[in-house]
Amino acid sequence: LELDGAHLPSLVALERIYRERGEWDELVEVLKRKAGFRGGALDTLSQEDLEIVLAAKLELAASYRDHFNEIDKAIQQYEEVIAVEPHNLE
């Protein structure tokens, strides 16, 4: 990850490990990286990459909400997803 901070297989593995261990701060950092995957400019991503980024944003929102009680940050992530996919109401 030091060489390529957006190496998706590594991020997926770290996400799983941190979630299993309940290491929420670390999980949020990994989810932020996934949400910024491929630069994070949502209108320029392929459909596959867009799905990865939106899923990360939803997970990030849930983490902010459930583990940190940071409702404003959660809402921001939800709003970013809904702006791209209005039907995606989780």
Side-chain angles (χ1 to χ4, degrees):
L1 281 175
E2 287 181 23
L3 296 176
D4 182 1
H7 184 252
L8 189 58
S10 298
L11 293 174
V12 169
L14 284 172
E15 179 182 355
R16 181 181 45 77
I17 290 166
Y18 292 146
R19 183 175 280 112
E20 287 173 0
R21 293 181 178 178
E23 296 178 14
W24 307 118
D25 290 322
E26 291 82 0
L27 176 63
V28 163
E29 290 307 313
V30 168
L31 291 171
K32 285 180 187 178
R33 285 186 180 188
K34 280 182 71 179
F37 178 67
R38 301 264 194 250
L42 301 180
D43 58 342
T44 64
L45 296 175
S46 70
Q47 185 61 37
E48 182 179 345
D49 289 348
L50 181 62
E51 289 174 12
I52 292 167
V53 169
L54 294 180
K57 288 182 173 293
L58 289 173
E59 287 291 326
L60 190 54
S63 293
Y64 282 140
R65 181 193 65 213
D66 298 341
H67 302 292
F68 297 96
N69 199 32
E70 294 188 34
I71 303 305
D72 290 339
K73 287 183 179 181
I75 289 170
Q76 179 184 357
Q77 296 302 313
Y78 287 130
E79 286 176 343
E80 290 176 15
V81 171
I82 291 170
V84 176
E85 289 189 346
H87 63 279
N88 192 341
L89 300 176
E90 186 181 70

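For reference, positions follow the sequence shown, starting with 1.
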Q) Would you say the side chain of L8 lies within less than 4.5 Å of the side chain of K34, judging by non-hydrogen atoms? A) yes
Q: Mind checking the CG-CZ spacing from L14 to R16? Nearest 0.5 Å is all I need.
A: 9.0 Å
(Q) Salt bridge check, R19 against E15: does any charged N sit closer than 4.0 Å to a carboxylate O? (A) yes
Q: State the NZ-CD distance between K57 and E79, to the nearest 0.5 angstrom.
A: 11.5 Å
Q) Would you say V12 and I52 are hydrophobically clustered, going by side-chain heavy atoms of ILVMFWY under 4.5 Å? A) yes
(Q) Looking at E20, I'd like to know if its CD atom is crowded, meaning that more than 12 non-hydrogen atoms belonging to other residues, nucleotides or ligands lie closer than 6.0 Å. (A) yes
Q.
Can you tell me how far apart NZ (K32) and CG (L11) are? Round to the nearest 0.5 Å.
A. 14.0 Å
Q | Pairwise distance OH(Y64) to CG(D72) - rounded to 0.5 angstrom | A | 11.5 Å
Q. Which atom pair, heavy atoms only, marks the closest approach of A61 to A74?
A. O-CB, 3.3 Å
Q) Roughly how far, to the nearest 0.5 Å, is the CG atom of D25 from the NE2 atom of H67? A) 11.0 Å
**Q.** Pairwise side-chain contact, Y18 with E29, heavy-atom cut-off 4.5 Å (strictly under)
**A.** no
Q. Quick one: CG on L27 to CD1 on I17, what's the gap to the nearest 0.5 Å?
A. 11.5 Å
Q) Applying the 4.5 Å side-chain criterion to the ILVMFWY set and letting contacts propagate, would F68 and L60 be lumped into a single cluster? A) yes
Q) How far apart are the closest heavy atoms of A35 and A56, and which atoms are they? A) N-CB, 3.7 Å
